[in-house]
Amino acid sequence: MKHYILEAKNISKTYNGFQALENVSLSLEKGKIYGLIGQNGAGKTTFMRIIAGLSFPTSGELYLFHQSSQKALQAGRKQMGSMIENPSILDNMNARDNLRVHKIMKGIKEENTEQRVLEIVGLGHTGKKKAKDFSLGMRQRLGIAITLLGNPEILMLDEPVNGLDPSGIAEIRQLIKKLAAKHQMTILLSSHHLAELHQTADEFIIVNEGKILKTLSHNTLEQQIDKHLLIDCNEPEKLPKVLRESLHTENFIVQPDQSVKLYDFTDEKEKLSKTLIEHGIIVTTFATQEESLESYYLHLIGGQADATIKSRFL
Ligand SMILES: Nc1ncnc2c1ncn2[C@@H]1O[C@H](COP(=O)(O)OP(=O)(O)OP(=O)(O)O)[C@@H](O)[C@H]1O
């Protein structure tokens with residue numbers, strides 16, 4: 001049986017008649033990383049705020065550690081760390097003092113916890129350096145360190161790599177993966193950086209206009225992501241006929257620029273090129289390409305709708 005530590009059941013949220021969330025249901029398993037994907041205004045932050053207890057749902061139920069009473073949710077939230085919107089950092093204090101302030105605010109008694117969490121996020125060496133002199137990546141890591149106070153089992157990180165450079169992004173990715181793998185934390189993170197999320201999350205939750213459009217695992221995504229060959233040639237009008245009649249495939253798309261995306265023969269390039277040459281077709285581009293989480297998402301929400309591809313995904 002799966003061990004869900006957080007369950008949302010039909011959560012809806014309305015602001016003055018505007019439906020920001022509609023019947024959102026999902027279950028989070030211990031130790032997994034969940035990536036929340038959606039356009040601006042899709043409802044990601046609203047959902048996280050409800051889980052963190054910063055906002056109340058209009059309807060629906062939330063279960064933390066299998067319990068849903070207000071008392072149990074309050075207790076459950078003590079096992080939760082969240083960084084929603086910008087981390088609250090005091091610029092004139094060093095990392096350790098920032099943590100000390102948050103420790104007092106959260107009523108955490110554990111001794112030496114500051115150094116422990118600073119080591120986890122890789123800021124153990126920052127000494128007297130004030131937060132105002134930190135790089136953006138260091139600030140994000142300090143923000144995550146704040147969420148780690150109190151040894152939470154669940155972490156919620158809203159856009160943790162926003163504005164970071166590639167090395168800062170990679171550092172946060174490694175940190176998040178470490179927290180899930182080594183510390184068995186369940187992590188819910190939102191990001192517009194889909195290439196990054198593809199590398200980080202175990203499960204993807206795609207939200208659109210307040211509703212969950214799709215949830216899928218990293219493995220399912222990998223299976224569904226199509227590998228294809230992109231072919232440009234000297235006789236583009238002849239190519240579809242040869243593919244159909246000599247190679248017996250319909251599994252291709254002719255694009256507006258007349259190049260062809262072929263979803264068969266990705267591992268039989270030699271056979272393919274031999275047949276094309278026999279028919280007098282000279283190939284000028286012959287590239288193996290893979291769809292990404294980003295293209296999957298765009299096809300799913302219809303941003304770059306291509307009926308054929310869309311039908312493959314849905
Ligand atoms: N306090 C509020 N009052 C009224 N409307 C709100 C409030 N908070 C959020 N909304 C609306 O709810 C919708 C969802 O907003 P939310 O911030 O959850 O989206 P998001 O997916 O996090 O977007 P982004 O990627 O831009 O952060 C938006 O249309 C937003 O304008």
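As the structure lists them, so they are numbered: ligands from 1, and atoms in each ligand from 1. Start at 1 with the first residue, then count along the sequence.
- Note: no N/O pair closer than 3.5 Å links F47 and ligand 1 by distance alone.
- Judged purely by distance below 3.5 Å, without hydrogens or angles, the side chains of N23 and K211 never pair a donor atom with an acceptor atom.
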For side-chain hydrogen bond (donor to acceptor under 3.5 Å, both in side chains), just list the numbers for H279 and S246, CA-CA rounded to whole Å, side-chain angles, deciding distance to a tenth of an Å, and then say yes or no. CA-CA 9 Å; H279 287 82; S246 302; 3.2 Å; yes

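- Distances between N or O atoms of G43 and those of ligand 1 include at least one value under 3.5 Å.
- If you number the atoms of ligand 1 from 1 as listed, the ones under 4.0 Å from a heavy atom of F18 come out as 11 (C), 12 (O), 13 (C), 29 (O).
- Remark: ligand 1 and N40 share an N or O pair separated by less than 3.5 Å (distance only, no angle test).
- Between the side chains of N251 and T249, no donor-acceptor pair of N or O atoms lies under 3.5 Å.
- On a distance-only criterion, G41 and ligand 1 share at least one N/O pair closer than 3.5 Å.
- By the definition of a contact as any protein heavy atom under 4.0 Å away, atom 30 (C) of ligand 1 is not in contact.
- Remark: minimum distance from atom 15 (O) of ligand 1 to any protein heavy atom is reached at T46 OG1, 3.7 Å.
- Side chains of H218 and E203: a donor-acceptor N/O pair is absent below 3.5 angstrom, by distance only.
- Proximity annotation for atom 27 (O) of ligand 1: of I50, T45, N162, N208, T45 comes nearest, heavy atoms only.
- Side chains of Q115 and E119: a donor-acceptor N/O pair is present below 3.5 angstrom, by distance only.
- Between the CD1 atom in I144 and the CG atom in L155 there is a gap of 8.0 Å [rounded to 0.5 Å].
- If you check which protein heavy atom lies closest to atom 10 (N) of ligand 1, you get Y15 CE1, 3.4 Å.
- Ranked by closest heavy atom to atom 20 (P) of ligand 1, the top entry among H192, K13, K44 is K44.
- Distances shorter than 4.0 angstrom do not occur between any heavy atom of R49 and any atom of ligand 1.
- For the residue pair E222/H198, the side-chain donor-acceptor check at 3.5 Å is satisfied.
- Between the side chains of N94 and R100, no donor N or O sits under 3.5 Å from an acceptor N or O.
- For atom 5 (N) of ligand 1, a protein heavy-atom neighbour is found at a distance under 4.0 Å.
- Distances below 4.0 Å separate heavy atoms of A42 from the following atoms of ligand 1: 19 (O), 20 (P), 21 (O).
- In this model, no donor atom of one side chain and acceptor atom of the other lie less than 3.5 Å apart for E171 and S167.
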